Amino acid sequence: MIFSKTLTHWYSNNKRNLPWRETKNPYYIWLSEIILQQTQVKQGLPYYEAFVSNYPTVFDLANADESDVLKLWQGLGYYSRARNLHASAKYVVSALGGKFPDNYKDLLKLKGVGDYTASAIASICFNEVAAVVDGNVYRVLSRYFGMDTPINSSQGAKEFKSLAQELIDKKEPAEFNQAIMEFGATQCKPKNPYCNICPFKDGCIAFNKNRISELPVKIKSAKAKKKYFNFLVFISEDGKTILEKRERKGIWQNLYQFPLIETSKSMTYKSFKEEADNYSLLKDLNFELVLYNKEDIVHKLSHQHLYTKFWVINTNRLPIEGVSVEKIRDFAVPILIGNFIESFNF
DNA sequence: AAAACGGGGGT
DNA sequence: ACCCCAGTTTT
């Protein structure tokens with residue numbers, strides 16, 4: 001109880017003004033929660049504004065084409081969020097008549113909505129006593145209570161959820177949930193938290209045992225693997241290029257890219273030219289090959305590092321159907337491709 | 001239980 | 001180089 005009171009008091013004095021705090025409309029809260037998964041407020045904010053503006057209601061989102069939803073999501077990453085968002089909007093409209101689920105159990109049925117998001121929406125919009133456990137909550141609780149259980153273990157997930165569910169203010173679950181996350185985000189930060197002015201100073205085990213930098217405990221993930229990407233940037237005399245849709249599961253599913261050749265090592269101009277005939281799109285094609293970037297562009301994802309070269313293929317005719325270079329910005333592309341398109345003078 | 005899934009920002 | 005972010009889904 002004292003924990004909850006201290007926390008919500010802190011929150012009333014320190015909460016940021018954010019657009020999704022002006023509403024309890026579950027559609028808007030849902031949008032904000034999906035956008036903010038593994039995403040900082042600063043990065044997600046403009047996307048939230050864009051989605052609310054382009055799709056003011058769940059019906060608008062449901063009626064959109066997935067390609068347009070992905071285009072609006074471009075640059076935010078974890079694109080399954082956008083695909084699931086769109087699929088769930090269609091589900092809410094077609095199966096529920098547009099009435100948003102109003103409890104934890106039913107919210108959990110939406111694609112892309114897991115324990116955290118269902119708890120967030122249920123508590124914020126419907127005052128259900130469902131404790132959220134996100135990265136902030138793990139950090140705050142592990143420090144205050146001096147808990148060593150790795151937060152990314154199944155045991156940790158159980159322990160922290162259970163503790164949060166005990167602590168939550170049963171009368172004001174919405175306030176409590178948002179308060180503990182805000183506290184973790186702006187005060188009990190990962191690095192250099194403001195312990196000197198912290199209202200939990202006296203009771204915080206990590207602070208009093210000088211263990212702030214050790215908590216929370218997390219199991220290390222595997223190191224990122226290196227990959228070597230070669231994109232073929234076709235340019236025909238009539239101003240067309242080739243884009244292909246990434247249909248398969250994996251990164252960037254349903255986004256567009258230039259035809260890709262993945263190699264086991266970084267290619268030189270000479271080695272690439274020698275292999276060119278083995279690539280079906282280049283076989284029996286007359287073309288001039290220009291290497292756009294001599295040094296690999298390194299694009300770092302959490303689980304792989306992409307060493308990338310863009311190969312410009314000047315040709316009089318394309319080997320397959322192409323698209324006008326003027327329309328290239330209409331397609332949803334990974335930011336790696338988007339950056340190239342912006343810097344390349346088509 | 002572990003890996004996959006993006007991109008930006010901080011230290 | 002390593003960590004973190006209003007996590008979820010697939011393997």
Side-chain angles (χ1 to χ4, degrees), chain A residues 11 15-16 18-21 29-48 70 73-85 87-88 107-121 123-124 131-140 150-158 160-161 164 174 176-186 188-193 213-225 227 246 248-255 298-306 332-339:
Chain A
Y11 184 56
K15 68 190 270 192
R16 292 168 287 181
L18 298 169
W20 46 86
R21 289 187 175 150
I29 299 300
W30 171 60
L31 274 181
S32 73
E33 292 299 345
I34 301 296
I35 287 170
L36 292 171
Q37 287 170 5
Q38 295 294 284
T39 304
Q40 298 196 178
V41 166
K42 185 181 175 185
Q43 187 188 4
L45 190 48
Y47 288 85
Y48 175 79
L70 283 171
W73 199 270
Q74 177 176 310
L76 198 55
Y78 285 151
Y79 296 92
S80 66
R81 289 184 293 171
R83 299 191 301 269
N84 288 335
L85 189 76
S88 292
L107 285 160
L108 217 42
K109 293 174 185 166
L110 303 181
K111 285 184 183 175
V113 173
D115 179 78
Y116 163 77
T117 306
S119 300
I121 301 172
S123 62
I124 294 171
V132 295
V133 184
D134 73 335
N136 295 306
V137 177
Y138 279 123
R139 188 168 53 257
V140 171
I151 60 172
N152 55 345
S153 62
S154 49
Q155 178 62 23
K158 273 191 241 170
F160 285 92
K161 175 77 184 186
F176 178 92
N177 275 344
Q178 294 177 89
I180 193 168
M181 291 192 285
E182 187 81 342
F183 179 74
T186 67
C188 192
K189 298 182 298 172
K191 306 284 182 188
N192 307 317
S213 63
E214 301 168 23
L215 297 172
V217 174
K218 198 170 183 178
I219 299 165
K220 302 250 188 299
S221 54
K223 284 216 297 188
K225 295 180 176 102
K227 291 194 169 190
R246 294 181 64 97
R248 290 185 313 220
K249 289 194 173 188
I251 59 169
W252 305 331
Q253 187 181 14
N254 291 2
L255 273 66
V298 185
H299 187 69
K300 293 183 176 181
L301 310 180
S302 29
H303 56 294
Q304 46 188 296
H305 292 177
L306 309 178
V333 298
I335 208 65
L336 173 61
I337 303 292
N339 288 341

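Order of the sequence lines sets the chain letters (A, B, ...), proteins ahead of strands, with each chain counted from 1. These figures come from a predicted structure and were not determined experimentally.
- Side-chain N/O atoms of A:W252 include one lying less than 4.0 angstrom from OP1 or OP2 on B:dG7.
- Going from the P atom of B:dG6 to that of C:dT10 covers 13 Å, rounded to whole Å.
- Of the possible polar contacts, none joining the A:Q38 side chain to the A:Y78 backbone as a donor-acceptor pair under 3.5 Å is found.
- For A:E33 and C:dC5, the CD to P distance is 15 Å, given to the nearest whole Å.
- Counting non-hydrogen atoms under 4.0 angstrom, A:D115 reaches the backbone sugars and phosphates but no base.
- Rounded to whole angstrom, the span from the NZ atom of A:K220 across to the C1' atom of C:dC3 amounts to 9 Å.
- Under a cut-off of 6.0 angstrom, the local environment of NZ in A:K161 is crowded, with over 12 non-hydrogen atoms contributed by other residues, nucleotides or ligands.
- Between A:Y138 and C:dG7 there is no side-chain N or O to OP1 or OP2 distance below 4.0 Å.
- You'll find that the side chain of A:Q38 is closest to C:dC5, out of B:dG7, C:dT8, C:dC5.
- Protein atom CD of A:Q37 is 20 Å distant from nucleotide atom P of B:dA4, rounded to whole Å.
- Of the residues near DNA chain B, A:I219 and A:L76, the one whose nearest nucleotide (by heavy atom distance) lies more toward the 5' end is A:I219.
- One can place CG of A:L70 at 14 Å from C1' of B:dC5, the figure rounded to the nearest angstrom.
- Listed candidates were C:dA6, C:dG7, C:dT11. Nearest to the side chain of A:M181 is C:dA6.
- In this entry the distance linking CG of A:D134 with C1' of C:dA6 reads 5 Å, nearest Å.
- Shown here is A:K189, whose NZ atom has more than 12 heavy atoms of other residues, nucleotides or ligands within 6.0 Å.
- Here B:dC5 presents its C1' atom at 14 Å from CG of A:N254, a figure rounded to the nearest Å.
- When rounded to the nearest whole Å, the span between NZ of A:K42 and P of C:dC5 equals 17 Å.
- Neither OP1 nor OP2 of B:dG6 sits under 4.0 Å from any side-chain N or O of A:R81.
- Using a distance-only test at 3.5 Å, with no hydrogens or angles considered, a donor-acceptor pair links the side chain of A:T39 to the main chain of A:Q37.
- Here the side chain of A:S123 pairs a donor or acceptor atom with the backbone of A:A120 at under 3.5 angstrom.
- A 3.5 Å limit on both hydrogen-bonding distances identifies no Watson-Crick or G-U partner for B:dG6.
- Within 6.0 Å of CZ on A:R16 lie more than 12 heavy atoms contributed by other residues, nucleotides or ligands.
- Counting distance only, with no hydrogens placed and no angle test, the side-chain atoms of A:Q40 and the base atoms of B:dG9 include no donor-acceptor pair under 3.5 Å.
- Remark: the A:Y116 side chain and the C:dG7 base include no donor-acceptor N/O pair separated by less than 3.5 Å.
- Backbone-only engagement by A:G75 is indicated by non-hydrogen atom pairs under 4.0 Å involving sugar-phosphate atoms exclusively.
- Across all strands, A:S32 comes closer than 4.0 Å to no nucleic acid atom at all (heavy-atom distances).
- Nucleotides B:dT11 and C:dA6 are separated by 14 Å at their P atoms, to the nearest Å.
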Please assess A:V137 against A:Y116 for the test side chain to side chain contact (heavy atoms under 4.5 Å, CB included), listing each intermediate value before the final yes or no. CA-CA 11 Å; A:V137 177; A:Y116 163 77; over 6 Å; no
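- Within 4.0 Å of A:W73, counting heavy atoms only, lies no atom of the nucleic acid at all.
- The side chain of A:K189 contributes no N or O atom lying less than 4.0 Å from OP1 or OP2 of B:dT11.
- In this structure, of C:dA6, B:dA4, B:dG6, it is B:dA4 that holds the atom nearest to the side chain of A:K225.
- If A:Y79 and A:N152 are placed on DNA chain B by their nearest nucleotide, the residue sitting closer to the 5' end is A:N152.
- Between A:I34 and A:T117 there is a side-chain heavy-atom pair separated by less than 4.5 Å.
- Residue contacts shown for A:G184 are absent, as no nucleic acid heavy atom lies under 4.0 Å away.
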Full working for side chain to side chain contact (heavy atoms under 4.5 Å, CB included) between A:W73 and A:L255: CA-CA 11 Å; A:W73 199 270; A:L255 273 66; over 6 Å; no
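- Counting non-hydrogen atoms under 4.0 angstrom, A:V113 reaches the backbone sugars and phosphates but no base.
- Between the C1' atom of B:dG6 and the CD1 atom of A:I35 lies a distance of 15 Å, rounded to the nearest Å.
- One can find a donor-acceptor pair under 3.5 Å joining the base of C:dA6 and the side-chain atoms of A:R21.
- Within a heavy-atom distance below 4.0 Å of DNA chain C, the residues of residues 298-306 of chain A found are A:K300.
- Nearest-nucleotide assignment on DNA chain C puts the 5′-proximal partner with A:K191, out of A:K191 and A:N84.
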